[in-house]
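Encoded as structure tokens, the structure appears first; notes follow it.
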Amino acid sequence: MAPLFPGSQGAPQNYKKLGAEEPGDHAIGKSRGGMTCKIHLATDGKGRPLGLVLTAGQAADTSFFQTVLETISVAGSSRGRPRVRPDRVLAEKAYTSSANRGYLAGRGIKITIPERSDQIAGRARRGSKGGRPRSFDREAYKGRNVVERSYLAGVTLASALIWIKSGV
């Protein structure tokens with residue numbers, strides 16, 4: 001199907017005030033698929049959501065890494081302040097920036113993020129000035145896909161509820 005407007009991709013924006021830009025708090029933005037939004041989600045090891053941020057579809061995942069982690073607030077079973085810092089973060093290669101790693105290390109959070117091949121090659125190219133290879137726990141990393149399973153479960157549940165409420 002051809003785009004509705006020459007030089008654009010996907011559907012036009014859905015905002016009703018013609019000619020006006022979509023307000024930032026709508027979390028709608030243009031991506032390769034058209035006007036979309038993106039959910040950035042942090043879960044625990046059991047897939048329970050801990051924090052999330054909704055952004056425009058073209059937003060880079062790594063740009064919201066710290067923002068998502070700062071939304072975490074889990075009340076414990078006892079009195080006191082809620083827990084706001086995970087013990088460990090498992091993330092895919094897209095999140096392996098030095099800014100993200102520095103943020104985690106500064107908060108005392110264990111890091112399980114694989115390095116991109118260009119980072120490994122850059123360190124090798126610099127030789128002894130390239131620093132030590134980053135540690136990586138392969139066994140812990142096997143649990144990283146829990147966030148995708150949690151997301152799929154949430155979308156499946158929401159879809160089922162929509163159909164149940166429709167009475168069809």
Side-chain angles (χ1 to χ4, degrees), residues 9 13 21-158:
Q9 293 181 343
Q13 70 178 13
E21 286 293 313
E22 189 82 33
D25 65 345
H26 285 194
I28 300 289
K30 194 173 222 171
S31 69
R32 288 181 287 188
M35 301 302 284
T36 63
C37 65
K38 188 182 285 187
I39 299 171
H40 306 267
L41 176 68
T43 68
D44 67 5
K46 296 179 180 177
R48 297 176 295 195
L50 300 175
L52 63 91
V53 174
L54 188 65
T55 65
Q58 79 275 13
D61 293 341
T62 193
S63 301
F64 291 93
F65 181 77
Q66 294 177 23
T67 306
V68 172
L69 291 179
E70 288 167 2
T71 66
I72 295 173
S73 181
V74 180
S77 58
S78 62
R79 294 180 188 200
R81 296 188 322 210
R83 185 166 179 174
V84 296
R85 186 181 62 83
D87 294 328
R88 176 183 298 271
V89 167
L90 311 176
E92 57 192 31
K93 290 180 182 182
Y95 297 99
T96 189
S97 72
S98 57
N100 290 342
R101 287 180 175 277
Y103 172 79
L104 294 172
R107 294 184 71 201
I109 300 170
K110 294 177 186 166
I111 304 166
T112 305
I113 306 174
E115 285 189 287
R116 294 187 317 262
S117 57
D118 64 322
Q119 292 173 318
I120 295 168
R123 188 175 28 265
R125 191 173 46 253
R126 289 188 303 271
S128 62
K129 293 182 180 178
R132 296 163 73 177
R134 306 219 188 259
S135 62
F136 181 71
D137 186 339
R138 288 188 185 279
E139 195 59 34
Y141 190 69
K142 290 178 182 178
R144 193 205 58 79
N145 69 353
V146 168
V147 70
E148 277 86 11
R149 293 196 312 265
S150 174
Y151 182 78
L152 177 60
V155 171
T156 302
L157 176 61

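What's counted below: heavy atoms across the whole structure, side chains too, no hydrogens, waters or symmetry copies.
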key: Residues which pass ring pair (Phe, Tyr, Trp, His ring centres under 6.0 Å) with Tyr151, listed by chain and number, not counting sequence neighbours   = none
inquiry  = Enumerate the ring-ring contact (aromatic ring centres under 6.0 Å, His included) contacts for residues 128-147, please, sequence neighbours excluded, ordered by first and then second residue.
reply    = Phe136-Tyr141
ask   = What residues form a side chain to side chain donor-acceptor pair (under 3.5 Å) with Thr36, not counting sequence neighbours?
value = Ser31
inquiry  = I need the full list of salt bridge (charged side-chain N to carboxylate O under 4.0 Å, His left out) pairs touching residues 53-62, with sequence neighbours left out, sorted by first then second residue.
reply    = Lys38-Asp61
request  = Not counting sequence neighbours, which residues clear side chain to side chain contact (heavy atoms under 4.5 Å, CB included) with Ile109? List them please.
outcome  = Arg85, Pro86, Val89, Leu104, Arg107
remark   = By side chain to side chain donor-acceptor pair (under 3.5 Å), Thr55 pairs with (sequence neighbours left out) His40
Counterpart residues, side chain to side chain donor-acceptor pair (under 3.5 Å), relative to Glu148 (two or more places apart) = Arg144
ask   = Applying salt bridge (charged side-chain N to carboxylate O under 4.0 Å, His left out), which residue pairs with at least one partner in residues 95-105 are found, sequence neighbours left out?
value = none
Residues in side chain to side chain donor-acceptor pair (under 3.5 Å) contact with Lys110, at least two apart in sequence or another chain = none
Could you tabulate the donor-acceptor pairs under 3.5 Å formed by side-chain atoms of residues 42-51, not counting sequence neighbours?
{"from": "Asp44", "atom 1": "OD1", "to": "Lys46", "atom 2": "N", "distance (Å)": "2.9"}
{"from": "Asp44", "atom 1": "OD1", "to": "Gly47", "atom 2": "N", "distance (Å)": "3.1"}
{"from": "Asp44", "atom 1": "OD1", "to": "Arg48", "atom 2": "N", "distance (Å)": "2.8"}
{"from": "Asp44", "atom 1": "OD2", "to": "Arg48", "atom 2": "NE", "distance (Å)": "2.6"}
{"from": "Asp44", "atom 1": "OD2", "to": "Arg48", "atom 2": "NH2", "distance (Å)": "2.7"}

note = The salt bridge (charged side-chain N to carboxylate O under 4.0 Å, His left out) partners of Glu115 (sequence neighbours excluded) come to Arg123, Arg134
message = According to ring-ring contact (aromatic ring centres under 6.0 Å, His included), does anything in residues 67-90 pair up with another residue at least two apart or in another chain? List the pairs.
response = none
